[in-house]
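Have a look at the structure below before the remarks.
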2 protein chains.
Amino acid sequence: MADRNPPARPGSEAPSLPARPTIYDVAERAGVSKSLVSLVLRDAPHVSDARRLAVLNAIEELGYRPSRAASALASQRTRSVGVLIDDFHNPWFVELLGGLRSVLDPAGYTVSVADFQLEAASGRNPVDGFIAQHVDALVLAAEPEEGLLRDVSVPVVVAGVRELGSGALPHADVVAGDDELGGELATRHLLDLGHRAIAHISGRSGPAAHRRRGYERTMRGAGLASRVVGADRTTTEAEGYAAAHELFAEHPEITALVASNDLMAVGTFAALRERGLSVPADVAVVGYDNSPLAAYRYLALTSVDPHSREIGAETARTLLSRLDDPGAPRRHALIEPSLVVRESTAPRG
Amino acid sequence: MADRNPPARPGSEAPSLPARPTIYDVAERAGVSKSLVSLVLRDAPHVSDARRLAVLNAIEELGYRPSRAASALASQRTRSVGVLIDDFHNPWFVELLGGLRSVLDPAGYTVSVADFQLEAASGRNPVDGFIAQHVDALVLAAEPEEGLLRDVSVPVVVAGVRELGSGALPHADVVAGDDELGGELATRHLLDLGHRAIAHISGRSGPAAHRRRGYERTMRGAGLASRVVGADRTTTEAEGYAAAHELFAEHPEITALVASNDLMAVGTFAALRERGLSVPADVAVVGYDNSPLAAYRYLALTSVDPHSREIGAETARTLLSRLDDPGAPRRHALIEPSLVVRESTAPRG
DNA sequence: ATGAAAGCGCTAACAA
DNA sequence: TTGTTAGCGCTTTCAT
């Protein structure tokens, strides 16, 4: 160790590495061994206060930042978790991420996120990057595609999506919103408002299927006929628009709509306006997600709040205990949603 | 090297490391040295086809993935760039990211993103994570806060924000939209439609200041008086709403509005509706960002498109040449915006 | 064209 | 409680 960091570095054309201090520098400055520094870093219990202080000071003075690469290499764990988001355009992930971090940060874990769409557009398997990065675990906030996680050997928690298509992920834990209950909440709210001719605009995603089920169950419970459209479409604004037009062309008697998400609900607004129907006077509309969209005054959309932040936090807790005990039985948690009433719903005229 | 990967690993309670193959395994299987494997990996020029093929096959058969941690440690570069987003809720970053990756991916760089708000909520300096990660460069898609990048020694490119408050980042390259031109585009469009009483709803961000300037310049050019409100507020939907109310309370003669972004524009929609004014019949409204919001049929907002994807691509190109030549003169690129006309603007009634 | 060998900065036994 | 030591998986001269 005599000639570490020699005055003039061999490859001194290195662009931007002004001799970043290492654990050796800290150790030297603090007058201790580098093991001790390592111990202080992850504050091990049996270090004398004097030494600890010396090390801490040295760290401070040198502006030392541990190298993740080195510690990952040495410890075979990165203390990082990869989060694969379905689509950055859908803002529900922001809340999810907040919840995730509220638990993972204090536990010393770093989270890195990737967008499934973006990743796929680059023509690569989105999880490849994460495994190259040696993440300790994966959170999948997206529909688990067949074979996506074939050779993934770290724990996986699926967040937000309850339906696991054809057992694609037999080993994954799942934390999701109780979408069926959410569908029920939305429908019951309209029922309570006196509506009877309530239709549902659905989509082909897993969550959409559960929401639909909640709607259907509730209608049946009230002795009413279900009317569902769009169960085979994507859950976009455009499809919501198209679905509403179809619905009202055939069934002008409808007075209320449950949409599978806020985006579709906004789509219905446009169709309704074009048909000369006003919200909520002629038609009441409920969305799902309680996204920022729903809160805009111009839309003021009554919406089911899945409590995404809580889903994130619970996902993180699940992850941590899975990491703690890889052999524990698979967990499947459901977070209870609630309804946020705004101005898009009113008693039946 | 005799006993690497012994049959039973010492700490064989390791959760999830089923002997991930290393470069040694590949070398052995291909019957070459690990140096050769390394050469093949970043396809060096002088490797015989036979060997190369053998190595490639071994890699394939073993399912080998290089360890980023190890290569980062050995090479002192991660081939990764950190992107600091202002706020994940603002979807403009998605396009930016797409553009960034379209040039960074082929160049072999990995991008990792963080959200400034989220990061700050955790009470840590958002760039700390990046520097611990050893990113080779930083993209700042946010207002550069004072002192944020104090001890950052890697190249920084500021994306999208043109105004650098009090020289906070004297060394950073900048790639931004030409917001002043955008403001002009919006205003000119309304002028062309015959509007004369055109007001502007602004905010206190850097981009907002430029957009405002474009508006003012254009009004002045037309011999008209400017009317600006909200230059000291945040650029949110709520502020757009409040600003529109104030504006029309005092100046009911206004027939057109230029908003500093789409969010504020949506805010004005609500205020206008409350005042019994309809869009575009009574008041024409132009937004900025051409966000997904603007495209919703129910809003159909005419908006200035900053071409965020192109901003991202140009940012990446700037980054790459900066990495290539750290000493090159600072670059400052402006991307030209365009106007997307929808239904929120119409000729003056 | 290919291989040997010396680290990169850190962790984790083990010794002391 | 603290120091010694042997790697982690890869890159990179330098030989050959």
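Note that the structure is predicted; figures quoted are calculated from it, not measured. Order of the sequence lines sets the chain letters (A, B, ...), proteins ahead of strands, with each chain counted from 1.
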Next item on the list: Between A:Leu73 and B:Arg52, just flag the one whose closest nucleotide in DNA chain C comes earlier from the 5' side.
Entry: B:Arg52

Next item on the list: Name the residue closer to the 5' end of DNA chain C, choosing between B:Ala74 and B:Gly31 according to the nucleotide with the nearest heavy atom.
Entry: B:Gly31

Heavy atoms only, 4.0 Å cut-off, all strands: where does [X] land among base, sugar-phosphate and nothing?
X	value
A:Ser71	sugar-phosphate
A:Val32	sugar-phosphate
B:Ser38	base
A:Ser48	sugar-phosphate

Between [N] atom [atom2] and [X] atom [atom1], what is the distance in whole Å?
X	N	atom1	atom2	result
A:Leu39	C:dC14	CG	P	15 Å
B:Arg68	D:dC8	CZ	P	21 Å
A:Arg79	D:dC8	CZ	P	21 Å
B:Leu36	D:dC10	CG	C1'	15 Å
B:Asp49	C:dA1	CG	P	11 Å
B:Arg42	D:dT11	CZ	C1'	6 Å
B:Leu41	D:dT11	CG	P	6 Å
A:Lys34	D:dT4	NZ	P	10 Å

Item checked: Sidechain N-carboxylate O distance under 4.0 Å for A:Glu60, A:Arg29 -> no

Is there a donor-acceptor contact under 3.5 Å from the side chain of [X] to the main chain of [Y]?
X	Y	result
A:Asp136	A:Thr78	yes
A:Arg20	A:Arg65	yes
A:Arg52	A:Val40	no

Check: Does a nitrogen or oxygen in the side chain of B:Gln76 sit under 4.0 Å from OP1 or OP2 of C:dG7?
Finding: no

Next item on the list: Would you tell me if any nitrogen or oxygen in the side chain of B:Arg51 comes within less than 4.0 Å of OP1 or OP2 on C:dA1?
Entry: no

Note to self: Let's go through A:Glu310 and A:Arg317 carefully: what are the C-alpha distance in whole Å and the side-chain angles of both, what is the deciding distance for salt bridge (charged side-chain N to carboxylate O under 4.0 Å, His left out) to 0.1 Å, and is it a yes or a no?
What the structure shows: CA-CA 10 Å; A:Glu310 176 54 21; A:Arg317 279 179 226 117; 3.6 Å; yes

Next item on the list: Counting heavy atoms from C-beta on, name the nucleotide in D:dG3, C:dC10, D:dC10 closest to the side chain of B:Tyr64.
Entry: D:dC10

Notebook entry, point to check: Nearest to the side chain of B:Ser33 - D:dC10, C:dA4, D:dG3?
Noted result: C:dA4

Notebook entry, point to check: Is A:Ser35 side chain donor-acceptor paired with the D:dT4 base, going by distance under 3.5 Å alone?
Noted result: yes

